[in-house]
Q: 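Structure in structure tokens, see below.
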Amino acid sequence: MTATDVLIAGAGPAGLAFGLALADSGLDVTMVDARPAGAAAQDRRILALSHGSRQILERLGVWPQLPVTPIERIHVSQSGTLGRSLLAAADYGLTALGYVVAAGKLAEALADALARTGVVVRHGTRLEQCTEQDEGCSAELLAGGQSARVHARLVALCEGGVDAGGKEAVRERDYAQHAVLAIATPAAATRGLAYERFTAHGPLALLPFGRDYCAIYTCPADQLEAVMALDEAAFAARLGAAMGGRVQFSRIGPRAAFPLVLRVRARAVEGHRVWLGNAAQTLHPVAGQGYNLALRDVIELADRLRTGGMADVSASLAQHAAARRLDRAGAIGFTDGLVRLFDLDLPAARHARGLGLLALDLCPPVRHMLARRMLFGARAWP
Ligand SMILES: Cc1cc2nc3c(=O)[nH]c(=O)nc-3n(C[C@H](O)[C@H](O)[C@H](O)COP(=O)(O)OP(=O)(O)OC[C@H]3O[C@@H](n4cnc5c(N)ncnc54)[C@H](O)[C@@H]3O)c2cc1C
């Protein structure tokens, strides 16, 4: 059996960021990923990164290489009512509220930066099993049909899915919705303006992406087949109608669909193991919180480990979980609450939400609090 300080299972955007954050810590870091090299660069998700995530990615040295589109304003509305709210970066003394990036480009930039540090990702290597043993964990790795054991003082599970192996540890809510992603070219050019619109079918987001938009159209699971079968013109018309005519589209790129479900591990830390990113919690993309939360977790943990946290790993991980509890619960509750708030399609509820959006616009302190939650996570709260 070989030995390492930290074993990271999963080299998606969360695992790669954690590996990079530990690269110059002096710790021996072993990284494995079940997929072949380059697979993460094919990720079709498009992510909105918060201002706080920009600061973390700057620290990790990958920000300058990232092709990002700034979000200067966010227009929030719902179909069928007049209320709307507008969040603007200028109100917070910033040039951008957030940034839009292709998850594949982000993974590529993180992987390139990691390779420059000398940390090697063993691709085509799957973590099969991991059990507590001798002040650490014994992990079984499978590559090319060969199994090997590694002892790690700490194992970070970044495998992208919440799979506890025992359902009691996982809270799950199937939203019975799919997110359909497509790059959509607007008929009239706009700059830096994002839209979040709540419709009877579910939320619709338009994220500025270069000169185009990335449309994230949510539809009920039983309508997915029909939506994916629409031709380009019909899908463009569907998007334009969902936007209440505010934006029309001249071209739509290929669509990709993602099932939407909330899955939360009750404990993101157990003994010498920590779960990070989607492996800890998989969230609805409506509020763009998933990866932003993952980055805050990753950087806090890496800082803790590089400042004496490896002396007693299980105690450090328990402290990490306690320190991150508020932000984690806030991001999960905020996202799930938003989906549920706009899920009720009763006229009275719609009207109340319209008034709520109007009130948000008329009441700057509440609007600022919401914006700060999106910008910084738990640091938003006093
Ligand atoms: C439609 C959509 C839009 C989104 N928009 C946003 C947004 O705007 N903002 C935001 O912050 N978040 C957003 N998210 C969430 C974001 O995409 C995820 O939080 C993030 O990409 C998760 O990265 P990850 O590294 O945890 O998981 P993944 O990207 O799934 O990576 C997991 C890796 O682990 C590997 N793996 C799996 N099992 C094993 C194993 N047993 N052993 C070894 N390796 C293994 C896989 O091969 C993979 O490379 C969105 C998600 C969706 C679906």
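Predicted model, so just to flag it, every value in this text is computed and none were measured. Counting starts at 1 for both ligands and their atoms, following the listed order. Side chains included, hydrogens not; waters and symmetry mates left out as well; all remaining heavy atoms used.
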Q: Looking only at side-chain N and O atoms, does R45 offer a donor or acceptor that is under 3.5 Å from a partner on Y291?
A: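 No.
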
Q: Flag A34 as yes when one of its N or O atoms lies below 3.5 Å from any N or O atom of ligand 1, and as no otherwise.
A: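 The answer is yes, given that A34 and ligand 1 share an N or O pair closer than 3.5 Å.
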
Q: Please name the residue in the list L207, L206, I74 that meets the side-chain contact (heavy atoms from CB on, under 4.5 Å) test with Y195.
A: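 For Y195, the side-chain contact (heavy atoms from CB on, under 4.5 Å) check succeeds only for L206.
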
Q: Residues in salt bridge (Lys or Arg N to Asp or Glu O under 4.0 Å) with D174, at least two apart?
A: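 Checked D174 against salt bridge (Lys or Arg N to Asp or Glu O under 4.0 Å); zero matches.
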
Q: Give the atoms of ligand 1, by number and element, whose distance to some non-hydrogen atom of G277 is under 4.0 Å.
A: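 The list of qualifying atoms is 26 (O).
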
Q: Under a plain distance cut-off of 3.5 Å, with no hydrogens placed, do Q133 and H151 share a side-chain donor-acceptor pair?
A: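 The answer is no; no qualifying pair exists.
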
Q: Any idea which protein heavy atom is nearest atom 1 (C) of ligand 1, and the distance to it?
A: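 Checking every protein heavy atom, the shortest distance to atom 1 (C) of ligand 1 gives L181 CD1, 3.4 Å.
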
Q: The criterion is salt bridge (Lys or Arg N to Asp or Glu O under 4.0 Å); which residues satisfy it with R59, sequence neighbours excluded?
A: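 Residues passing salt bridge (Lys or Arg N to Asp or Glu O under 4.0 Å) with R59: D303.
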
Q: Hey, are R296 and D327 close enough for a salt bridge, meaning a charged N less than 4.0 Å from a carboxylate O?
A: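 A salt bridge is present here (some side-chain N lies under 4.0 Å from a carboxylate O).
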
Q: Using distance alone, decide if ligand 1 has a nitrogen or oxygen within less than 3.5 Å of any nitrogen or oxygen in A48.
A: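 For ligand 1, there is an N or O atom that lies under 3.5 Å from one belonging to A48.
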
Q: Which of the atoms in ligand 1, numbered in the order shown and given with their element, are less than 4.0 Å from a heavy-atom of G12?
A: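 So the atoms of ligand 1 that pass are 25 (O), 31 (O), 33 (C), 49 (O).
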
Q: At under 4.0 Å between heavy atoms, is it the side chain or the backbone of E128 that contacts ligand 1, or both, or neither?
A: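 Looking at E128 and ligand 1, no heavy atom falls under 4.0 Å.
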
Q: Say whether, by atom type as modelled, one donor and one acceptor occur between the side chain of R265 and the main chain of R171 under 3.5 angstrom.
A: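 Not a single qualifying donor-acceptor pair exists.
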
Q: Has P13 got any heavy atom lying under 4.0 angstrom from an atom of ligand 1?
A: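 Yes; P13 lies near enough to ligand 1 that a heavy-atom distance drops under 4.0 Å.
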
Q: Using a 4.0 Å cutoff against the non-hydrogen atoms of C158, which atoms of ligand 1 qualify?
A: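 It comes down to these atoms of ligand 1: 32 (C), 33 (C), 34 (O).
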
Q: Quick one: look up the protein heavy atom nearest atom 27 (O) of ligand 1 and list residue, atom name and how far away it is.
A: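 Looking only at protein heavy atoms, the one closest to atom 27 (O) of ligand 1 is G160 CA, 3.4 Å.
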
Q: Looking only at protein heavy atoms, identify the closest one to atom 13 (C) of ligand 1 and say how far it is in Å.
A: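 Here the nearest protein heavy atom works out to L47 CD2, 3.5 Å.
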
Q: Can a side-chain donor-acceptor contact be found between Q289 and H284 if the only test is distance below 3.5 angstrom?
A: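 No.
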
Q: Counting non-hydrogen protein atoms only, what is the nearest one to atom 25 (O) of ligand 1? Give residue, atom name and distance.
A: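 Heavy-atom neighbour on the protein nearest atom 25 (O) of ligand 1: A14 N, 2.9 Å.
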
Q: Hey, looking at atom 34 (O) of ligand 1, which of A205, G10, A287 has the closest heavy atom?
A: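 Among A205, G10, A287, the closest heavy atom to atom 34 (O) of ligand 1 comes from G10.
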
Q: Which protein heavy atom lies closest to atom 11 (O) of ligand 1, and at what distance to 0.1 Å?
A: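 In this structure, atom 11 (O) of ligand 1 has Y291 N, 2.7 Å as its nearest protein heavy atom.
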
Q: For F235, does the six-membered ring have the charged nitrogen or CZ of R255 within the cation-pi criterion, i.e. under 6.0 angstrom from the centroid and within 45° of the normal?
A: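 Cation-pi check for R255 and F235: passes.
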
Q: Flag the pair R306 and D24 as a salt bridge only when some basic side-chain nitrogen lies within less than 4.0 angstrom of an acidic carboxylate oxygen.
A: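 Result for this pair is yes, salt bridge flagged.
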
Q: Any atoms of ligand 1 less than 4.0 Å from a non-hydrogen atom of L127? List them with their elements.
A: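 Here the atoms of ligand 1 in question are 40 (C), 41 (N), 42 (N), 43 (C).
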
Q: Under a heavy-atom criterion of less than 4.0 Å, does T125 contact ligand 1?
A: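 Distance cut 4.0 Å: T125 passes for ligand 1.
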
Q: Of the protein's non-hydrogen atoms, which lies at the shortest distance from atom 26 (O) of ligand 1, and what is that distance?
A: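 Of the protein heavy atoms, N278 N, 2.9 Å lies nearest.
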
Q: So does G104 get a backbone contact from the side chain of D43, meaning a donor-acceptor N/O pair under 3.5 Å?
A: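 No, the answer is negative, given that no donor and acceptor are paired below the 3.5 Å cut-off.
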
Q: Just to confirm my output: which protein heavy-atom neighbour is closest to atom 38 (N) of ligand 1, and how far is it?
A: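 Protein heavy atom at minimum distance: E159 CB, 3.3 Å.
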
Q: For the pair R54 and E58, find out whether any cationic side-chain nitrogen is under 4.0 Å from an anionic carboxylate oxygen.
A: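 Yes, R54 and E58 are salt-bridged.
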
Q: When only distance counts, is F258 in polar contact with ligand 1, meaning an N/O pair under 3.5 Å?
A: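 It does not: no N or O of F258 is found under 3.5 Å from an N or O of ligand 1.
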
Q: Tell me whether T4 contacts the main-chain N or O of L7 through its side chain, where contact means a donor paired with an acceptor under 3.5 Å.
A: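 Pair absent, no side-chain N/O of T4 close to backbone of L7.
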
Q: Is there any N or O on D43 that sits under 3.5 Å from an N or O of ligand 1?
A: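 It does not: no N or O of D43 is found under 3.5 Å from an N or O of ligand 1.
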
Q: I need the nearest protein heavy-atom contact for atom 35 (C) of ligand 1: residue, atom name and distance, please.
A: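 Going atom by atom, the protein heavy atom closest to atom 35 (C) of ligand 1 ends up being D33 OD2, 3.2 Å.
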
Q: Under 4.0 Å, heavy-atom basis, I'd like to know which part of R45 is in contact with ligand 1: side chain, backbone, both or neither.
A: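 Answer for R45: side chain.
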
Q: Counting only heavy atoms not in Q129, do more than 12 sit closer than 6.0 Å to its CD atom?
A: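 At most 12 heavy atoms, drawn from other residues, nucleotides or ligands, come within 6.0 Å of this atom.
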
Q: I want to confirm something. Looking only at heavy atoms, which of P285, A331, A17, A107 is nearest to atom 4 (C) of ligand 1?
A: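 That would be P285.
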
Q: Please classify the I46 to ligand 1 contact at 4.0 Å (heavy-atom distances, strictly less than): side chain, backbone, both or neither.
A: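 Answer for I46: backbone.
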
